[in-house]
Amino acid sequence: MEYFPIFLRLQDEPCLLVGGGEVAVRKARLLLSAGARLTVVSPALMPELVALAASGAIRHLPRAVAAEDVAGQRLVVAATDDREVNRMVSQAAQAQGIPANVVDDPELSSYVTPAIIDRSPLVIAVSTGGGVPVLARLIRARLESLIPAGFGNLARFASRFRDQVKARFGNVEQRRAFWESVLEGPLAERVMNGDEAAAEAEMLARLAAVDTPPSGAVYLVGAGPGNPDLLTFRALRLMQQADVVLYDNLVAEPLLELVRRDAERIFVGKQRANHTLPQEDINSLMVRLAGEGKRVLRLKGGDPFTFGRGGEEIEALAAEGIPFEVVPGITSASGAAAYAGIPLTHRDHAQSVTFVTGHKQDGSITLDWPALTREQQTVVVYMGLSMAAELCTEFIRHGKAASTPAAVVERATTLQQRTVVGTLETLPGLIQAHSISSPALIIVGDVVALSPRLGWFRRAETAPGKAG
């Protein structure tokens, strides 16, 4: 290693920053966040540093730096645009055994500042030895997405019990197994959700009865409209922790590839008139698996509470006393509209949007047609593909013009997305001509006419009779 990684305690330690520009501002923020007593030497300061000096947060010496300024400092940072000044400061510091950093100049530095992920007391540093700082920042960005802010709370919580765990378990292997069960289970989720009182009670109970099997939980997670990049950070983390995953037809295969490799996967269906498991059996399965102490991931396309039967499922869990959590996802309607270039609301075209499901359990269409046919409104129809002809006919019969723009979006947000634009009169024929299949959404309203011009993701497929 060219650099030995080390974490330096700067709380209430004197540190010197030379420079008063934008780069110095960034370094000042970083040093102050570590609790340093900061002196800034510079003839002039940026407004943020001026405000810090006025508040007493930093000490300002309004002059050129001198070699003597480094005396007694714990750490020195040179951030001027004059390399000779930076060289003098660094050499003076290193001559006295004081770590010195010259920003973006590793040749003059005795240490480099890494890219930092701050989840204090958990801190992660990434360095490329000062050679390619942009790469370190890119890696940091990826780690930021994988490490929730709540991990800091979890680190503080766990450290409180370190001595008790050490006293309770006689060897390292036992301690490691215990900590893994705690830090990857429902107890950790309670800490990160802010319920430390319940987490502490469970921790004490587990320490008192180590042989008690861990409690299970169910996580209803919205997988979004299909593109894995649209998952929330929390959804991705829970997918990596689950013991068993229940998924349905609307969950795209690339999303399943992100689930923990050794997790059990159970397909529970969800196609029109062809449910692999009835809803009641899915509810019972979740209750049974959680009762066995497993972390159950109920992975749903879109959002669990938007035509996802999430409400029915958590009612069943609540009735059995099973801990659960709901993680929202980007709705299929939002994803499809955004990727097809169809604003669901627009000041010139639509002041409201309504989501409806295209059929009831018995296959009939019973909708509030007077409400759905109002002007200046967008209507998004879930699960309406198989009844598109009937739906379009009913829209027209209840007063919508046959020329009203309408579109179908198939496999929204994925590389297989197709957007077919037409009217209420032509859309059923276009769906048949283009062999559109599920999953697909129908969007009705004047905003659809914007799609051929605003469809940024993939050029919308169009046909004669298209809107706009």
Compare every heavy atom of Ala401 with every heavy atom of Thr404, then report the nearest pair and how far apart it is. OG1-O, 2.7 Å
Heavy-atom closest pair (Ser332 atom, Gly302 atom, distance to 0.1 Å) is OG-CA, 3.7 Å
Looking at Tyr339, is its backbone amide N or carbonyl O close enough to the side chain of Gln417 to form a donor-acceptor pair, meaning the two atoms are under 3.5 Å apart? yes
Once you round to the nearest 0.5 Å, how far does CD1 of Ile342 lie from CD1 of Ile443? 4.0 Å
Side chain of Thr306, backbone of Asp303: donor and acceptor closer than 3.5 Å? no
Do Lys27 and Thr113 have side chains that approach each other closer than 4.5 Å (heavy atoms only, starting at C-beta)? yes
Ignoring hydrogens and angles, tell me if any N or O in the side chain of Thr413 forms a donor-acceptor pair with the backbone of Asn227 under 3.5 Å. yes
Is there a side-chain contact between Tyr219 and Pro186, using heavy atoms and a 4.5 Å cut-off? yes
Distance, nearest 0.5 Å, that separates CG of Leu246 from CD of Glu313: 8.5 Å
Counting only heavy atoms not in Gln351 (residues, nucleotides, ligands), do more than 12 fall under 6.0 Å from its CD? yes
On a heavy-atom basis, which atom in Leu372 and which in Phe395 lie closest, and how many Å separate them? O-CE2, 3.9 Å
Test item: Lys300 and Leu250 side chains (from C-beta on) under 4.5 Å apart, heavy atoms: no
Taking every non-hydrogen atom, the tightest pair across Leu236 and Leu231: CD1-CD1, 4.5 Å
For Leu32 and Leu52: C-alpha separation, side-chain torsions, deciding distance, then whether side chain to side chain contact (heavy atoms under 4.5 Å, CB included) applies. CA-CA 10 Å; Leu32 290 174; Leu52 289 171; 3.9 Å; yes
Taking side chain to side chain donor-acceptor pair (under 3.5 Å) as the test, write out the residues that go with Arg26, two or more places apart. none
Start with the C-alpha gap between Arg298 and Glu325, add the side-chain angles, then the distance that decides, and say whether salt bridge (charged side-chain N to carboxylate O under 4.0 Å, His left out) holds. CA-CA 10 Å; Arg298 178 68 174 100; Glu325 178 183 338; over 6 Å; no
Anything under 3.5 Å between a donor and an acceptor, one on a side chain of residues 252-259, the other on a protein residue two or more places apart or in another chain? List them.
from   : atom 1 : to     : atom 2 : distance (Å)
Glu257 : OE1    : Arg261 : NH1    : 3.2

Donor-acceptor side-chain pairing of Asn193 and Arg190 below 3.5 angstrom: no
Just do the side chain to side chain contact (heavy atoms under 4.5 Å, CB included) check on Cys392 and Lys400 with the steps written out, would you? CA-CA 9 Å; Cys392 290; Lys400 271 294 193 187; over 6 Å; no
Correct closest heavy-atom pair for Gln376 and Asp348 would be OE1-O, 4.0 Å
Is the shortest heavy-atom distance from the side chain of Val353 to the side chain of Val447 under 4.5 Å? no
Working to the nearest 0.5 angstrom, can you tell me the gap between Met203 CE and Glu196 CD? 12.0 Å
Show your working on ring pair (Phe, Tyr, Trp, His ring centres under 6.0 Å) between Phe267 and Tyr247 and close with a plain yes or no. CA-CA 5 Å; Phe267 177 64; Tyr247 67 99; 5.5 Å; yes
Taking the six-membered ring where the residue is Trp, are the ring centres of Phe169 and Phe178 under 6.0 Å apart? yes
Taking side chain as C-beta onward, heavy atoms only, is Ile116 less than 4.5 Å from Leu30? yes
Is any side-chain heavy atom of Phe305 less than 4.5 Å from a side-chain heavy atom of Val326? yes
Decide whether Glu410 and Gln416 meet the rule of one side-chain donor and one side-chain acceptor closer than 3.5 Å. no
If you count every heavy atom of other residues, nucleotides or ligands that lies below 6.0 Å from Arg142 atom CZ, does the total exceed 12? no
Show your working on side chain to side chain contact (heavy atoms under 4.5 Å, CB included) between Leu204 and Gln164 and close with a plain yes or no. CA-CA 9 Å; Leu204 293 172; Gln164 294 180 57; 3.9 Å; yes
Quick check for you: to the nearest 0.5 Å, what is the distance between Phe457 atom CZ and Thr419 atom OG1? 9.5 Å
Does some side-chain heavy atom of Leu367 sit less than 4.5 Å from a side-chain heavy atom of Leu391? yes
Exceeds 12 heavy-atom contacts within 6.0 angstrom, atom CG of Asp104: no
Side chain to side chain contact (heavy atoms under 4.5 Å, CB included) evaluation trace for Glu189 with Arg234: CA-CA 10 Å; Glu189 296 301 324; Arg234 186 159 187 78; 2.5 Å; yes
Spatial distance of atom CD1 (Ile322) from atom CZ (Arg288) [nearest 0.5 Å]: 12.0 Å
With Glu200, which residues qualify under side chain to side chain donor-acceptor pair (under 3.5 Å), at least two apart? Arg160
Check whether any side-chain N or O of Ser127 sits under 3.5 Å from a backbone N or O of Gly129 as a donor-acceptor pair, and report yes or no. yes
So does Gly445 get a backbone contact from the side chain of Thr378, meaning a donor-acceptor N/O pair under 3.5 Å? no
Could you tell me whether a side-chain N or O of Arg119 sits under 3.5 Å from a main-chain N or O of Ile147, the two making a donor and an acceptor? yes
So, taking the atom named CG in Leu317 and the one named CE in Met286, what distance separates them when rounded to the nearest 0.5 Å? 4.5 Å
Under 3.5 Å, is there a donor-acceptor pair between the Arg309 and Asn283 side chains? no
Any heavy-atom pair between the side chains of Leu38 and Cys15 that's under 4.5 Å? yes
With a 3.5 Å distance limit and no angle check, can you tell me whether Arg260 reaches the backbone of Leu238 through a side-chain donor-acceptor pair? no
Would you find a donor on one side and an acceptor on the other, under 3.5 Å apart, between the side chain of Glu144 and the backbone of Arg140? no
So with a 6.0 Å cut-off around CD of Glu425, is the heavy-atom count from everything else above 12? no
Considering all heavy atoms, the nearest Thr345-Ser352 contact: CG2-C, 4.3 Å
